[in-house]
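Accompanying notes for the structure given below.
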Amino acid sequence: MRVTNSMLVSNFMNNLNTNASKLDKLQSQLATNRKYAHMSDDPVSVIYSQQARYKLSRLADYHQNVSVSKGWLQQTESGLRELNDILTSAYEACVDASTDVKSATDKENAAKYIKQLRDQMLHTLNTAYGDKFIFGGYNTTGVTENRATTPPFTINADDKLCYNGIEINIASMAAGGALEDLHGDVLTFDVGIGIEMPVTFNGIDVVYMGTEEIMDADGNPTGTYRTKDIFSIMDQLYKDVLAGKPADEIAKNITDLQAGQQHILGLVAEVGGRDNRLDILISRYEQDDINYTQMKSDAEDADQAEVIMNYKMAEAVYKAALSAGAFIIQPTLMDFLR
C-alpha cells in the first residue's frame, strides 16, 4: 500500500484533534471539579448522582417536616401542662373549700377563683400555634362567619361545652353521633417514608373522659348516664362551691379532679414519646445527609490529583504531537521560496 503525504497529514490531524479533545476534557474537569460535563461522558456516574440528589431532596423535605412537627408538639405539651396546672389549682381549691370551717363568704370567694380557672381552661383548650388551633382537629383556622373566627371550643346557651359547634354529650359521642367523624380528626405530618405522626391531639381526646352514671340524692344509681370531661368537672366544682354545699359534697369533686389530672398527664407522656421519636429521626437524617452527600460527591466530583496527573500527561502528548507534525507536514511554496 502506498503511503502518501496527504495520508500522513490526515492521520496526524485526526490524532491531534483527539489529543486536543482529551486535553479540553481534562481542563474542564480541573476548572469545574466535575467528572463529566455531559451525560454521555459517564452515564453510570450520572445515574448515581441523580439518585443521590433525589435522596437529598426528599431528606430535606422530611427534615423540614420534623422541625415543624417538633414546634407543634412543643406547643401541644405547653397547652397540656397548662391544663394540668389549672386542674391542680382547682384540686387545691377544692380541698381547701371542703372543710367545715369555711364560711359562706369564704366559699363565695373560692367559687370566684374556681370560675376564673374554669374560664382559663376554655381559653387553654383554644390554644393556637401561630394562627392555627392545636386542639381543633382539621378545623385549625376556626369557622369564619361574618368576618368572625369561632374557636373549636365554645360554650352554648346551656353552659355546655361544644366542640366545633357540637355539644359533647351522650348522643353526639355515641356510635353514629355527630362527633363520631370528628373524633378521628387529628393533624399529622409525613416525617419519613411511610411514617405519619400526629403532632397534636384531637380536642375530644383532650377533654373527654368517658361516661358516668348519675346517682340520686341517696347515692343510688338512676340508670341515666352523662359524659364526663375536664370542663364539666370544673363547672360542677364551681357550682357546688357557689351553692355553698356541705364540705362532704364538695369533697366528692376531688376524685374527678385527680382523674382529670391523670388523664392530662397521660397525654403529656405521649407527647414526650413522640418528641423523642422525632429526635431519633433527626439524628438519622443528619447521618443520612452525610452519607448521600458523600455518594453524590463520589459520583460527581473529580479527583484533583488524578486529573492534574492525566492533564500533564495529555499536555506532553499534545506537545509531542505538535512537534512531530512540524516534520510531517511539508513546507508550503512560500516556505520553499524563502
Side-chain angles (χ1 to χ4, degrees), residues 79-127 135 151 153-163 166-174 177 179 203-269:
L80 292 174
R81 289 190 179 277
E82 185 173 336
L83 289 174
N84 181 64
D85 292 340
I86 292 172
L87 289 170
T88 301
S89 298
Y91 169 79
E92 294 171 351
C94 181
V95 172
D96 184 62
S98 59
T99 58
D100 293 328
V101 297
K102 292 296 181 181
S103 64
T105 303
D106 293 335
K107 290 184 178 180
E108 183 179 353
N109 293 332
K112 293 179 180 178
Y113 174 66
I114 295 171
K115 181 179 183 297
Q116 293 301 316
L117 292 176
R118 184 198 64 178
D119 295 343
Q120 179 59 32
M121 175 177 285
L122 180 64
H123 176 74
T124 304
L125 289 173
N126 291 320
T127 297
F135 298 132
F153 287 96
T154 55
I155 304 298
N156 61 15
D158 297 328
D159 290 333
K160 300 297 184 181
L161 183 67
C162 297
Y163 180 67
I166 304 173
E167 181 180 331
I168 300 177
N169 52 36
I170 294 291
S172 64
M173 291 299 301
L179 289 179
I204 299 175
D205 292 329
V206 175
V207 300
Y208 185 63
M209 297 172 56
T211 59
E212 65 176 357
E213 190 173 6
I214 300 176
M215 302 296 177
D216 59 18
D218 297 327
N220 299 318
T222 61
T224 305
Y225 292 85
R226 65 183 176 187
T227 58
K228 182 189 291 186
D229 59 79
I230 58 175
F231 185 84
S232 64
I233 291 173
M234 292 287 294
D235 187 58
Q236 186 62 46
L237 174 62
Y238 164 68
K239 291 177 180 178
D240 289 348
V241 177
L242 182 64
K245 289 187 176 183
D248 57 341
E249 293 192 24
I250 294 177
K252 293 179 181 179
N253 295 283
I254 293 178
T255 303
D256 290 338
L257 290 170
Q258 290 176 331
Q261 287 180 279
Q262 292 299 320
H263 173 69
I264 296 298
L265 289 176
L267 297 180
V268 172

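The heavy-atom pair separating Lys245 from Lys107 by the smallest distance is O-NZ, 2.9 Å. The heavy-atom pair separating Val206 from Leu267 by the smallest distance is CA-CD1, 3.8 Å. Here the closest non-hydrogen pair linking His263 and Asp205 is NE2-O, 2.9 Å. Taking all atoms of both residues into account, the shortest heavy-atom contact from Ile168 to Tyr208 is CG2-CD1, 4.3 Å. Nearest approach of Leu237 to Ala90, heavy atoms of both residues: CD2-O, 3.8 Å. Considering every non-hydrogen atom in both Cys94 and Ile250, the closest pair reads SG-O, 3.3 Å.
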Is there a salt bridge (charged side-chain N to carboxylate O under 4.0 Å, His left out) between Lys115 and Asp119 once you walk through the steps?
CA-CA 6 Å; Lys115 181 179 183 297; Asp119 295 343; 3.2 Å; yes
Pair Phe153, Phe135 - check ring-ring contact (aromatic ring centres under 6.0 Å, His included), show working.
CA-CA 9 Å; Phe153 287 96; Phe135 298 132; 7.5 Å; no
Test side-chain contact (heavy atoms from CB on, under 4.5 Å) on Ile204 and Met173 and set out the steps.
CA-CA 9 Å; Ile204 299 175; Met173 291 299 301; 3.6 Å; yes
Decide yes or no on side-chain contact (heavy atoms from CB on, under 4.5 Å) for Leu242 and Lys112, but give the supporting numbers first.
CA-CA 8 Å; Leu242 182 64; Lys112 293 179 180 178; over 6 Å; no
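A donor atom on one side chain and an acceptor atom on the other are found under 3.5 Å apart for Gln261 and Thr88.
Atom-to-atom distance recorded for Thr255:OG1 and Tyr91:OH is 9.0 Å, nearest 0.5 angstrom. Between Asn156 atom CG and Thr154 atom OG1 the span is 7.0 Å, to the nearest 0.5 Å. Met234 CE to Gln120 CD: the interatomic distance, rounded to the nearest 0.5 Å, is 10.0 Å. Summarising the geometry, atom CD belonging to Glu108 is positioned 9.5 Å from atom OG belonging to Ser103; distances are rounded to the nearest 0.5 Å. Note that CD1 of Ile114 and CE of Met121 are 11.5 Å apart. Values are rounded to the nearest 0.5 Å. The CG atom of Leu83 lies 12.0 Å from the CZ atom of Phe231; values are rounded to the nearest 0.5 Å.
Side-chain contact between Asp235 and Lys239 is present, with heavy atoms from C-beta onward closer than 4.5 Å. Proximity of Met209 to Ile233: side-chain heavy atoms (C-beta onward) are separated by under 4.5 Å at one or more points.
Using a distance-only test at 3.5 Å, with no hydrogens or angles considered, no donor-acceptor pair links the side chain of Asn84 to the main chain of Arg81. Although no hydrogens or angles enter the test, the distance criterion places no donor-acceptor pair under 3.5 Å between the side chain of Asp158 and the main chain of Lys160. Remark: the backbone N or O of Glu167 is paired with a side-chain donor or acceptor of Ser172 at under 3.5 angstrom.
Only one option out of Thr227, Asn169, Ile155 pairs with Leu161 in a side-chain contact (heavy atoms from CB on, under 4.5 Å); it is Ile155.
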